[in-house]
Amino acid sequence: MTQNKPAKGTNFLANLTRNQLFIPVAALLLLLVFNLIMDPNFFKITLDHNSVGDPVLSGFLITILDSGSELAILAIGMTLVTAATGGQDISVGAAIAISGSVLLRMLCGSNTRPETLLMPVLVAFVITCVVAMLFGAFNGVLVAVFQIQPMIATLILYTAGRSIAAWINNNELPIISEPSFGYYGGFIPGIPVPTPFFIAIICVILIALALKFTTLRLYTQAVGINEYSAKLNGLNPVFIKILSFVILGLCVAVVGLIKVSRFQTINYSVIAKDIEMDAILAVALGGNALSGGKFNMTASIIGAYVIQCLTTTLYKFNVQSDALPAYKAIVVIALVVLSAPIVREKLSALMPKPVAKEVA
Amino acid sequence: MADNVVLQMRNIHKSFPGVKALQGVDFTLRKGEVHALMGENGAGKSTLIKVLTGVYGKDEGQISMEGKEVLIHSPQEAQKNGISTVYQEITLCPNLSVAENMYIGRLDNIYQNWKKMNSDADKILQSLDIPAKATQQLSSCSLAVQQMVAIARAVDTDCKVLILDEPTSSLDEQEVEKLFKLMRDLKARGVGIVFVTHFLDQVYEICDRITVMRDGKLVGEFEIETLPRVQLVSKMLGKELDDLSDIQGEYSTYQNKEGEAPVFEAEGLSSDAGIRPFDFHIRKGEVNGFTGLLGSGRSESVRAIFGADRILGGNVKVNGKPVKIKKPIDAMKQGIAYLPEDRKRDGIVGDLSVRDNILLAQQVLRGFLKPFTKAEADKIADEYIKLLSVKTASADTPIKSLSGGNQQKVILARWLLTHPEYLILDEPTRGIDVGTKVDIQKLVLKLASEGMSVTFISSELDEMLRTCSRLIVMRDGRMVGELSGEDLNQNKVMNTIAGGERE
Amino acid sequence: MSKKLKNMSDTNLLLSITIVVFFAMYLGAMIFQGAGFLKAQTFFNILNAQASLIILSCGMSLVMITGGIDISVGGVTALVSMCCAVYLDYQSGNVFVAVLIALLIGLTFGLVQGFLVAYLEIQPFIVSLAGMFFARGMTTIVNSNPFNVQNEAFVALKGTRIIIPGLGSVNKLGKYVNAYVEIGVIVALLVVILMFIILKWTKLGRSFYAVGGNSQSALMLGINVKRTKFLSHLICGFLAGVGGFVYFLHVGSGSASHASGAEMNAIASSIIGGTMLTGGVGNIIGTFFGVLSLSTIQNIVSSAGLDEPWWIGITIAAMLCLFLVVQSIVMTVRKKQTVQ
């Protein structure tokens, strides 16, 4: 969404590598090329019919589009929190569990196998949004008012979240049989593209509009870069930080809806497990500094799909889902080590030196 | 006399990107003397000290101790060479006990003998008459006592050179007395003491020699008896006494109407930044200034006006109407603008573009839902870049990559864009080139002639006299004088700053 | 506030709060819930179950005192359990070598994480988050199915009980049952004592506090800040190895889901025990009582009839939240007092 105008007279390649979109796009291409060489079946997309007889697309790329969309939605909120506070929210997975639980509770009440839904999905979803935003605000207050580091502050919800989720439904696992509820995380009859992708597009459009028609970007960046200066320009850093957590809460509610709709039920200890790691990774892969400040939303969103592409690739090579984190951890460490100021300094000190010696 | 010299620095050069912080500075310290290092902010005193203590490396020059050249790369090496430093900001660990702070990092044994350490520490504290117990946690002591603990640590290391970098800024009179007694004891033991301070009284009470610096250069070394106060001030500020430079009048003065209420008026205003309650007013089209040495409270006063610190009390009227200013946004809504003293910390938003930095304040005033369109933003940014002739590659360039003077112009543009009625400029010309300085002064006079009220603060008296029609003199957090008309001349101002003593 | 309270160091103030809270809680449990809590074995069972957490928390407190954090300890515990289990059963290995394996795994994690944090200056949270995910993932890669260890020497060691004379009780059948603790408890107590001595009586121990209090000042005071930070992570990693083995000894099985959430419990115990997140303040004795408080409240919650699984998570989080906010407020108030 931000365009880095190339300065005149510099070479094209240098500009390309300097662009923030370069890293995620290059990583995506790399992964795709890797898959092309290893097994072109990766790109196969087939049009099947599901059990109800509706046309659905399937294939690895569709999986990426599908699951990556959840991550992309989270990445939107995570990017804002990172930019404003210079820290990350590690409670999103637990908060998704809460959102999903609230949604089911609203739709099912105390009956775990309801024939009909208690209220329209939309109404239940709005209530879920409010709850998720309140939890976001709770994190935000701990960070902005009590000045607790974001990761520690969100540790509280991380610890309690799944328990709260279980408590909301008395540890029951309601199952919704109403087929229309499955549209949000699956397919709308007649449309072979998974719905989460459309939801992600809506979210992206919304945030694009918000960034265009409000001063959200400027305020968030100003607070993230220089809080003192922002304050002297009449901004309220406390409010901006809480706001970023509330927006993330909204994203969490949306993902909660998709997740619950996909399975038509919930598993408190498994739903959205480790998704915080992926969301943070998406932000980092998008070239956004984890210490806050300037951000590039487009890069984060592409980053989310890249992460999903990595996950799917690993799955395809029969890596167990529980073993995935080990590989991703290596990617994280490689990323943070490469972006550490000290390493960068050393690298750039290494580069020009031999040249200088030759000249001398 | 040469035998007496304990520390000698010759022809020291040091530059930072874009700034020559030290240019050929010499400094000589003799045994058993207290040597004041004086100069206004940015003169290079602290750079010189940091070079001496190994925090910065020097680009050129020699340092020798007792005739032998030494190389100092880190604070630890300085300590080993017998140079101890007490910094202005306390560099102790607040969570440790007083005794630990005196000994940590100095002893070689693995085992920590609390009993011996505490009794040793208590002995030193007693002998220096410091009101603290060895076992007390440092953070429970007052700042003054913490400062004295730092001195006690330095004293105990058998140092040959003791550097005190503005140690008295947080001490009250009695505590300063104690410190002076300590300094005299050390002096009698033959320790050479470098004393950096802004308080002239203290210099004349305790020091034997003065070295004055200005703009990274040595002005000279003087015996205390040969340098009267007013001359010291003039050497620091770089102006001869009889150099009158009243060249105001290029711009017509704004004509006030009869019975017009002051644009801004404050009564008993005070904030938590340590200034006494003060009264202040400014008329439409007036340019006035706060003057005084660094730390006198001039910046704190204007910050209180803008609501930048926590306001503790006072009544404020804008155009005769009582208003409440608690936060910067309140002041901005009343048409007040404030260009802060510390450009890097409070002014620029480093990673943002020049355009965003110009627009920031006006955007906040416009509100959350009314962002400037890209076309508007470009137009405004280009207009102000041109108006103030900011030198930048483009409006997209991050502000942090601009030179200091151009950064300052951008911040000035930011506030001019809000079309303030009352503009406060705190050190707008610090660390920027002469050309830009003159531009800014002219701009101030032009704006005032068009009816804007301006408060101008500068360390350079010359600048203040050139632009202001009224000067408020501050010392030690309170207003000590107000000068206007006939009284606006260097002699008078320097005398008032120096404390009324006449030569 | 009395002057005595004001002159108390932050560490001692928070330590006293923790000890008072623990004894009040335990006393309350004895009075209101009686039965179980009156038996000494109930207390020893808490120790038996929490021995590994005590060791992990000691490492966590050390890192937190130095101003960092390490959330990989739970993952390392799981990895250690799995590696030792696989080694003992599939390769019919030696118990002593298993101990060495455990310590080596811990040290490796400490070494790598310490290097990244101290010398490359990467945020400890990110580093150890990656460490945690790596350890958990590796555990599955080593072996994905949980299983009980059958190795005879190990089972014998696991079953070893150390009888505490005089504190036994009479069971329902009228038979006198001795009170006992497991080997792990002895190890945990040794670790607590050792860590206490290091932190209190050695130069190195004090430099952990100095670096956590103000690393810039510590540098000026002549302390090697990078090395100190590195050592704190190294020791924490080593203790995670020790704690991992003690955990393994207690449960006697390998599983990828072992010790899940242990890192959060360790952080919570440290915070409840009076260790400040901001560094420089904390005490191992406090951490010890922090672990006990945490498990006592879990026992109280479950014996009060709130035995649904979620209550434990919620109680821990609530306690953590409470102590965090109290710390934040206490320190703000103290700071203001000093300034005035």
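Lettering follows sequence order; numbering is per chain, from 1. Below, each value reflects all heavy atoms present in this structure, side chains not excepted, and no hydrogens, waters or symmetry copies.
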Practice prompt. Please examine the side chains of B:R303 and A:L232, heavy atoms only from C-beta on, and report whether any two atoms are closer than 4.5 Å.
Written response: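 They are in side-chain contact.
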Discussion item. Between A:N236 and B:I329, is there a side-chain heavy-atom distance shorter than 4.5 Å?
Written reply: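 The answer is no, as the side chains (C-beta and beyond) never meet within the 4.5 Å cut-off.
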Worksheet item: Taking the side chain from A:N226 and the backbone from B:R345, do they hold a donor-acceptor pair closer than 3.5 Å?
Response: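 Checking the backbone N and O of B:R345 against the side chain of A:N226, a donor-acceptor pair under 3.5 Å is found.
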Discussion item. Looking only at heavy atoms and a cut-off of under 4.5 Å, which of A:G293, A:A210, A:A222 has the most pairs with chain B?
Written reply: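 Of A:G293, A:A210, A:A222, A:A222 has the most heavy-atom pairs under 4.5 Å with chain B.
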Does any backbone or side-chain atom of [X] lie under 4.5 Å from a heavy atom of chain A? Answer side chain, backbone, both or neither.
X: B:L359; answer: neither
X: B:F306; answer: side chain
X: B:F368; answer: both

On a heavy-atom basis, which atom in [X] and which in [Y] lie closest, and how many Å separate them?
X: B:G347; Y: A:S229; value: O-OG, 2.6 Å
X: A:F213; Y: B:P371; value: O-CD, 3.1 Å
X: A:N233; Y: B:W415; value: OD1-CZ2, 3.3 Å

Worksheet item: Is atom NZ of A:K231 surrounded by more than 12 heavy atoms (other residues, nucleotides or ligands) closer than 6.0 Å?
Response: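 For A:K231, atom NZ is not crowded (no more than 12 foreign heavy atoms under 6.0 Å).
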Worksheet item: Should we say atom NZ of A:K294 is surrounded by more than 12 heavy atoms from elsewhere, each under 6.0 Å from it?
Response: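 Count over threshold, so yes.
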Item to complete: Enumerate the residue pairs fulfilling salt bridge (charged side-chain N to carboxylate O under 4.0 Å, His left out) with a member in residues 400-422 of chain B, sequence neighbours excluded, ordered by first and then second residue.
Response: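 Residue pairs with at least one partner in residues 400-422 of chain B: B:D351-B:K400.
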Item to complete: Name all residues meeting the ring pair (Phe, Tyr, Trp, His ring centres under 6.0 Å) criterion together with B:F280; count only those two or more places apart in sequence or in a different chain, and write none if there are none.
Response: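 B:F280 satisfies ring pair (Phe, Tyr, Trp, His ring centres under 6.0 Å) with B:F290 once adjacent residues are dropped.
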Practice prompt. Considering only heavy atoms and a distance below 4.5 Å, find which of B:L369, B:N357, B:L352 pairs most often with chain A.
Written response: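 The residue among B:L369, B:N357, B:L352 with the greatest pair count is B:L352.
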